[in-house]
There are 2 protein chains.
Amino acid sequence: MAKMGLDRQTLLVSAAELADESGLDSLTLAALAQKLNVRSPSLYNHVNGLPDLRAALTVYCLHLLVDTTRDAVIGKSGDEAILSLCEAYLRFAESRPGLYEAFYKVNMQQHEDLDTAKQELLNLFLRIMEPYRLGEKETLHAIRGLRSLLHGFATLEQHGGFQMDLHLDESVQYVLRTFLKGMHLNKSGA
Amino acid sequence: MAKMGLDRQTLLVSAAELADESGLDSLTLAALAQKLNVRSPSLYNHVNGLPDLRAALTVYCLHLLVDTTRDAVIGKSGDEAILSLCEAYLRFAESRPGLYEAFYKVNMQQHEDLDTAKQELLNLFLRIMEPYRLGEKETLHAIRGLRSLLHGFATLEQHGGFQMDLHLDESVQYVLRTFLKGMHLNKSGA
DNA sequence: GTTATAATACTAATATGATTAGTTTAATCG
DNA sequence: CGATTAAACTAATCATATTAGTATTATAAC
């Protein structure tokens with residue numbers, strides 16, 4: 001057989017597409033091999049089995065997410081930056097549902113690349129929170145809150161957790177603005 | 001072979017235990033059968049395959065969650081009730097990690113029991129929000145926010161999303177109180 | 001250019017798990 | 001007691017992951 005010129009990155013991209021199309025659970029090495037016109041054992045030249053592939057997808061997802069959100073806050077600051085980041089985050093989760101699954105459905109041990117990517121995401125949030133001049137602890141609390149909100153919205157939406165015919169964007173806007181109002185209050189020491 | 005006296009409920013309870021012990025992914029029919037001293041095909045007398053078992057776990061989880069949180073708000077109202085409910089929710093997710101996974105990791109089609117259970121959870125939130133006298137839409141927005149926060153906190157915690165050595169409870173308290181402050185502001189029309 | 005090396009894809013084989021079909025046995029009901 | 005039903009079983013099939021070992025292609029050394 002001719003060499004197909006596969007590499008790890010190609011595998012990742014294709015795997016993410018498969019996941020987006022039919023869910024992360026449907027991402028099997030068999031399916032991926034078929035998509036790439038290769039026999040499944042060949043994939044082991046580039047990936048250390050299915051667990052490794054899924055772990056790599058998690059890292060890949062995080063990188064894309066950081067890129068997307070970082071891009072969304074360029075030239076913005078304060079509430080505007082936060083709202084823009086949140087919007088970008090949720091749009092990303094919507095547009096890459098299968099990949100986003102890898103963000104939270106994969107059980108990973110420690111993984112250097114993952115820690116790095118996580119740190120980058122945290123740094124982005126830290127910078128966005130700077131203008132608020134909360135203390136260090138309070139800043140971290142607020143970031144946790146924002147991240148939880150975003151992740152919660154993203155996953156509950158994907159799983160049909162929100163039944164009512166109430167527009168999701170409205171909910172996000174309402175919740176974020178409410179939280180920000182509270183945060184401003186904290187700042188002035190109410 | 002003697003009849004083992006298995007029934008669907010026994011399967012569910014054991015399956016949830018298995019999931020809590022080693023993660024929802026490790027819940028296989030083979031493992032469950034072994035735990036129950038039965039051959040795996042026997043399980044099909046009570047459950048319609050692995051997807052059905054997982055779906056049933058989702059419903060089971062939701063029921064337990066509703067019971068737990070409902071219990072937590074008895075005799076309380078206003079912010080106190082909300083804080084108590086949230087605390088109970090997060091404690092539940094922590095104490096039943098595998099079962100809680102079924103809450104969000106299972107892709108279900110429509111399922112009557114599930115819709116009922118979801119409605120019960122929503123009703124609980126609706127009643128807890130009554131004293132705030134927000135409008136109907138705003139109430140629903142706020143509930144979505146609370147649910148997202150809780151789910152986000154629960155899952156990010158389980159996946160090691162929070163690295164910093166900052167106590168989680170503090171973050172939850174901070175975020176909830178901040179959100180509630182903002183909500184009170186909304187009420188008075190700021 | 002030719003040869004050595006390493007990487008990549010292959011086939012073959014094994015193991016685990018889900019699932020189905022068909023059988024046996026124990027409990028229940030008349 | 002006999003008939004029926006439910007629940008367990010064994011045997012078999014299928015899909016997938018994974019490993020071992022082989023062949024072939026590209027790359028690098030000379």
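Since this is a predicted model, take the numbers as computed values, not measurements. Order of the sequence lines sets the chain letters (A, B, ...), proteins ahead of strands, with each chain counted from 1.
Computed from coordinates, the B:L11 CG to D:dA8 C1' distance equals 13 Å when rounded to whole Å. Counting to the nearest Å, the P atom of D:dC9 and the CG atom of B:L43 are 9 Å from each other. In this structure, the CG atom of A:L6 is 14 Å from the P atom of D:dA26, given to the nearest Å. Between the CG atom of B:L36 and the P atom of D:dA7 there is a distance of 14 Å, rounded to whole Å. Distance, B:L53 CG to C:dT19 C1': 14 Å, rounded to whole Å. Rounded to an integer number of Å, the gap from CZ of A:R39 to P of C:dC10 is 7 Å.
Scanning atom types as modelled, one donor and one acceptor separated by under 3.5 angstrom connect the side chain of B:N45 and the base of D:dA8.
Contact check, B:H46 against D:dA8: a side-chain N or O comes under 4.0 Å of OP1 or OP2. Between B:S42 and D:dC9 there is a side-chain polar atom (N or O) within less than 4.0 angstrom of OP1 or OP2.
Contacts classified as side chain to side chain donor-acceptor pair (under 3.5 Å) and involving residues 27-37 of chain B (residues at least two apart or in different chains) are given here: B:E17-B:K35. Screening residues 57-80 of chain B for side chain to side chain donor-acceptor pair (under 3.5 Å) gives B:D79-B:Y132, B:D79-B:H184 as the qualifying pairs, with residues at least two apart or on separate chains.
End-to-end axis angle of the helix from C:dG1-D:dC30 to C:dG30-D:dC1, from C1' rotation axes over five pairs per end: 10° (rounded to 10 degrees).
For B:N45, the side chain to side chain donor-acceptor pair (under 3.5 Å) criterion is met by no residue, not counting sequence neighbours. With sequence neighbours left out, the ring-ring contact (aromatic ring centres under 6.0 Å, His included) criterion links A:Y174 to B:H141. In this structure, B:R147 has no side chain to side chain donor-acceptor pair (under 3.5 Å) partners at least two apart in sequence or on a different chain. Considering only residues two or more places apart in sequence or on other chains, B:D52 meets the side chain to side chain donor-acceptor pair (under 3.5 Å) condition with B:R8. Take A:T155 and apply the side chain to side chain donor-acceptor pair (under 3.5 Å) test, not counting sequence neighbours, and it matches B:H151.
For the side-chain hydrogen bond (donor to acceptor under 3.5 Å, both in side chains) criterion with B:Q119, the lone passing option out of B:T116, B:N123, B:D115 is B:N123.
Of all the heavy atoms in B:L99 and B:A16, the pair that sits closest is CD1-CB, 4.0 Å.
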At under 4.0 Å between heavy atoms, which parts of nucleotides 17-22 of chain D does protein reach? Answer with one letter per nucleotide, 5' to 3': B base, S sugar-phosphate only, - none.
-> SBB---
